[in-house]
Chemist: 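My structure is below; once you've seen it, I'll send some questions.
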Amino acid sequence: MIDFDVTDEGALPEVSVEGGEMPEVDADVGSITTGTETETVEVPDVDVDVSTEEAEIEVPTVDVNPPKDD
């Protein structure tokens with residue numbers, strides 16, 4: 001969907017890297033327990049009567065045109 005033309009070559013900077021060392025870490029972590037339990041709650045009793053019919057409506061459309069090859 002995108003046509004890139006490189007107009008100028010780039011260059012990475014000169015970098016000097018020396019070896020390193022990761023720190024030692026001791027970690028105490030907690031725990032998480034998941035589960036379910038049953039509770040009784042009030043919920044509304046809703047009755048809905050729905051009738052349907054067919055209708056013509058305008059819906060969005062999308063045309064995709066990739067760039068042309070040079």
Chemist: Taking ILVMFWY side chains as joined if any heavy atoms are under 4.5 angstrom apart, and letting links pass through other members, which residues group with V15?
Modeler: V17
Chemist: What's in the same ILVMFWY side-chain cluster as I57, cut-off under 4.5 Å, chained through other members?
Modeler: V59
Chemist: Who else is in the cluster with I32 when I, L, V, M, F, W and Y are joined by side-chain contacts under 4.5 Å?
Modeler: none
Chemist: Can you list the residues that meet the side chain to side chain contact (heavy atoms under 4.5 Å, CB included) rule with V50, with sequence neighbours excluded?
Modeler: V48, T52
Chemist: Identify, with sequence neighbours excluded, every residue that meets side chain to side chain contact (heavy atoms under 4.5 Å, CB included) alongside V64.
Modeler: M1, V62
Chemist: A side-chain contact here means heavy atoms from C-beta on lying under 4.5 Å apart; do D47 and D45 qualify?
Modeler: yes
